[in-house]
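Let me begin by presenting the structure, written as structure tokens, before commenting on it.
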There are 2 protein chains.
Amino acid sequence: MATKDPQAPHLARLAALIADETRAACLLALLDGRAWTAGELARHAGVAASTLSEHLGKLVAGGLLTEERQGRHRYVRLADARVAQLVEDLAAQVTPATAVRPRNLRESSAGSAMARGRTCYDHLAGRLGIAVTDALTVRGLLRQDTGFALTDAGLGWFDSAGIHLERTGRRPLARACLDWTERRPHLAGVAGAALCRHALDAGWCVRIGSERAVKVTPSGERALGELLGIEAGALW
Amino acid sequence: MATKDPQAPHLARLAALIADETRAACLLALLDGRAWTAGELARHAGVAASTLSEHLGKLVAGGLLTEERQGRHRYVRLADARVAQLVEDLAAQVTPATAVRPRNLRESSAGSAMARGRTCYDHLAGRLGIAVTDALTVRGLLRQDTGFALTDAGLGWFDSAGIHLERTGRRPLARACLDWTERRPHLAGVAGAALCRHALDAGWCVRIGSERAVKVTPSGERALGELLGIEAGALW
DNA sequence: GGAACCTTTCGGTGAGCGCCGAAGTGTCCG
DNA sequence: CGGACACTTCGGCGCTCACCGAAAGGTTCC
């Protein structure tokens with residue numbers, strides 16, 4: 001019959017971009033939301049620079065990455081929030097099935113820093129992200145029982161905290177993103193991104209090293225306690 | 001360095017399952033939410049039965065499909081709503097980039113029936129799905145401006161319409177699913193599934209042939225008009 | 001201009017995988 | 001019991017693609 005859905009080739013091509021271990025490692029690394037150079041990614045993935053260059057060509061051509069050339073460097077980042085969401089969703093689908101266990105102390109401590117707090121593209125994740133999401137929920141600022149949306153009180157909270165929510169085109173104000181360490185949804189979307197940016201700008205938390213992991217500062221603990229009633233214990 | 005994210009191999013393996021055109025065609029066909037036999041899928045995809053058998057083995061082993069043997073038939077369906085969502089999300093990512101245009105009259109009329117109304121795994125999609133979602137929104141039953149969630153009035157509406165919403169484990173009551181013909185979100189999740197099931201049970205709409213497409217019946221037009229104020233014109 | 005550096009292009013190699021047809025297993029039905 | 005049917009297993013073929021090293025193209029800095 002060979003009817004086949006006309007979407008099938010396109011779907012397969014998109015999945016094929018992610019179906020290579022080296023490219024997958026690049027996409028996961030780029031989930032930190034920042035731009036990496038081709039060389040950094042090559043070292044991270046453990047392949048020759050020439051090999052990685054070809055991979056980047058495919059990912060850019062496929063629309064998953066955007067590039068920005070600066071001098072002799074090629075900076076590359078995830079194309080947009082939709083791509084980030086896609087990679088997150090795929091990663092979340094995979095984690096429950098085959099639990100990722102650390103094999104040595106180094107991985108273990110790096111893993112626990114990631115589990116404590118990290119960025120997930122442009123919003124907060126890990127126990128930190130969950131703590132914030134839960135605090136918003138119990139205070140009636142975020143509604144999770146019938147879906148996932150900010151309440152009117154929630155809009156007011158962002159306003160009074162001085163965090164501006166730009167109602168841009170298609171991106172939803174609030175969206176659930178499945179946390180792959182906590183296995184529960186945390187806040188993403190415009191509000192999640194704005195909150196994360198504010199947290200970094202205001203020094204509530206800082207990045208650890210050059211990875212995705214973040215840690216809460218003393219002033220951040222104070223701010224989260226005052227604004228959301230989060231106790232320091234919830235962040236460990 | 002060869003550090004690499006430990007998730008990378010798993011992510012790549014999952015994507016590889018979808019990265020084959022024949023398997024992608026199967027997954028898209030199975031988006032109708034029903035169980036297909038191996039033979040049906042082989043004919044649909046245009047490959048030998050032996051080839052398809054191997055594909056099904058991989059998809060089942062990978063957790064994307066579940067199988068149910070009945071006599072000499074092997075029935076197979078999407079494993080759960082999460083898998084369906086994943087396939088939908090990938091398909092939605094692909095469609096905007098390369099617009100799928102019908103090439104002949106047959107595809108075109110089949111396409112327009114699909115565009116008018118169809119099921120998307122277990123909920124309504126196409127102009128029908130959008131019309132329902134919009135009607136819920138303008139009546140204050142569904143909130144889309146700050147996320148995507150039913151309102152308290154919305155819970156009451158479902159109750160008074162006699163549609164029971166089972167608050168099961170992890171699945172959200174309401175979730176946005178991007179419609180790939182309308183390019184806008186429609187209602188998915190527990191509420192979307194319950195509404196679709198009720199619409200089929202109550203004869204509001206019926207399936208066309210053996211595909212995903214559905215059409216609204218005269219009694220369905222009446223019911224949608226009375227319960228949600230949807231005019232018949234919005235369904236064409 | 002020359003040296004160091006990042007990236008890209010190119011040829012060649014090897015492994016993986018989708019495909020088929022033929023043969024085998026199991027089920028249903030007359 | 002025997003034939004039709006649905007599916008699976010197996011061997012073999014051919015293509016795709018990730019990988020590398022060597023060489024070339026640009027950029028920056030001295």
Side-chain angles (χ1 to χ4, degrees), chain A residues 1-5 8-30 35-62 64-77, chain B residues 1-5 8-30 35-62 64-77:
Chain A
M1 265 301 182
T3 319
K4 261 185 188 174
D5 199 307
H10 301 112
L11 175 55
R13 256 201 299 277
L14 172 61
L17 286 176
I18 313 175
D20 175 80
E21 189 172 328
T22 300
R23 285 196 294 266
C26 291
L27 292 169
L28 288 172
L30 289 164
W36 291 50
T37 68
E40 285 169 342
L41 285 172
R43 279 186 296 277
H44 176 76
V47 297
S50 59
T51 301
L52 203 113
S53 176
E54 294 173 357
H55 286 309
L56 289 189
K58 291 178 188 184
L59 289 171
V60 170
L64 296 187
L65 304 185
T66 56
E67 64 183 9
E68 203 172 323
R69 311 249 176 176
Q70 274 181 26
R72 53 186 170 184
H73 292 284
R74 179 193 206 178
Y75 284 96
V76 82
R77 64 167 73 241
Chain B
M1 263 296 183
T3 320
K4 261 185 189 175
D5 197 308
H10 301 111
L11 175 55
R13 256 199 300 276
L14 172 62
L17 287 176
I18 314 175
D20 175 79
E21 190 173 327
T22 299
R23 286 195 293 267
C26 292
L27 292 170
L28 288 171
L30 289 163
W36 291 50
T37 69
E40 285 169 343
L41 286 172
R43 279 187 295 277
H44 177 75
V47 297
S50 60
T51 301
L52 204 113
S53 176
E54 293 173 357
H55 286 310
L56 289 188
K58 292 179 187 181
L59 289 170
V60 170
L64 296 186
L65 303 185
T66 57
E67 64 182 9
E68 202 172 325
R69 311 249 177 177
Q70 274 182 26
R72 52 188 171 183
H73 292 283
R74 179 192 205 177
Y75 284 96
V76 83
R77 62 170 72 241

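Source: prediction; values computed, not measured.
- Nucleic acid contact class of B:Ala49 (heavy atoms, under 4.0 Å, all strands): base.
- B:Leu64 is listed as a side-chain neighbour of B:Ile18, based on a closest heavy-atom distance under 4.5 Å.
- Residue-to-nucleotide contacts include no donor-acceptor pair under 3.5 Å from the side chain of B:Thr22 to the base of C:dG18.
- Atom P of nucleotide D:dC5 and atom NE2 of B:His73 are separated by 12 Å, given to the nearest angstrom.
- Side-chain proximity of A:Arg74 to the nucleotides D:dC10, C:dT7, D:dC20 is greatest for C:dT7.
- Contact annotation: A:Lys58 side-chain N/O to D:dC17 OP1/OP2 distance is not under 4.0 Å.
- Under the 4.5 Å side-chain criterion, counting only non-hydrogen atoms from C-beta, B:Thr51 is not in contact with B:Thr22.
- In terms of heavy-atom proximity, B:Leu30 sits nearest to B:Val76 at CD2-O, 3.5 Å.
- The nearest whole Å value for the distance from the CG atom in B:Leu41 to the P atom in D:dA6 is 14 Å.
- When rounded to the nearest whole Å, the span between CG of A:Leu65 and C1' of C:dT7 equals 16 Å.
- A sub-4.0 Å separation between OP1 or OP2 of C:dT8 and a side-chain N or O of A:Arg69 is present.
- Atom CG of B:Leu59 is separated from atom P of C:dC17 by 14 Å (rounded to the nearest Å).
- Atom CZ of A:Arg13 is separated from atom P of D:dC17 by 11 Å (rounded to the nearest Å).
- A donor and an acceptor atom sit less than 3.5 Å apart, one in the side chain of A:Arg72 and one in the base of C:dC5.
- For A:Gln70 and A:Asp20, each mapped to the nucleotide of DNA chain D holding its nearest heavy atom, the one lying further toward the 5' end belongs to A:Asp20.
- Look at CZ on A:Arg43: it is 12 Å from C1' on C:dT7, rounded to the nearest Å.
- A donor-acceptor pair is defined here as one N or O able to donate and one able to accept, closer than 3.5 Å; no such pair exists between the side chain of B:Arg23 and the backbone of A:Ala12.
- Taking atom CD on B:Glu54 and atom P on D:dG12, their separation rounds to 15 Å, with Å as the unit.
- Not one side-chain nitrogen or oxygen of A:His55 sits closer than 4.0 Å to the OP1 or OP2 atom of D:dC17.
- Taking 4.0 angstrom as the limit, B:Thr51 places a side-chain polar atom (N or O) nearer than this to OP1 or OP2 of C:dC20.
- Of all heavy-atom pairs spanning B:Pro9 and A:Glu21, the tightest one is CG-OE2, 3.8 Å.
- Look at CG on A:Leu52: it is 9 Å from P on C:dT7, rounded to the nearest Å.
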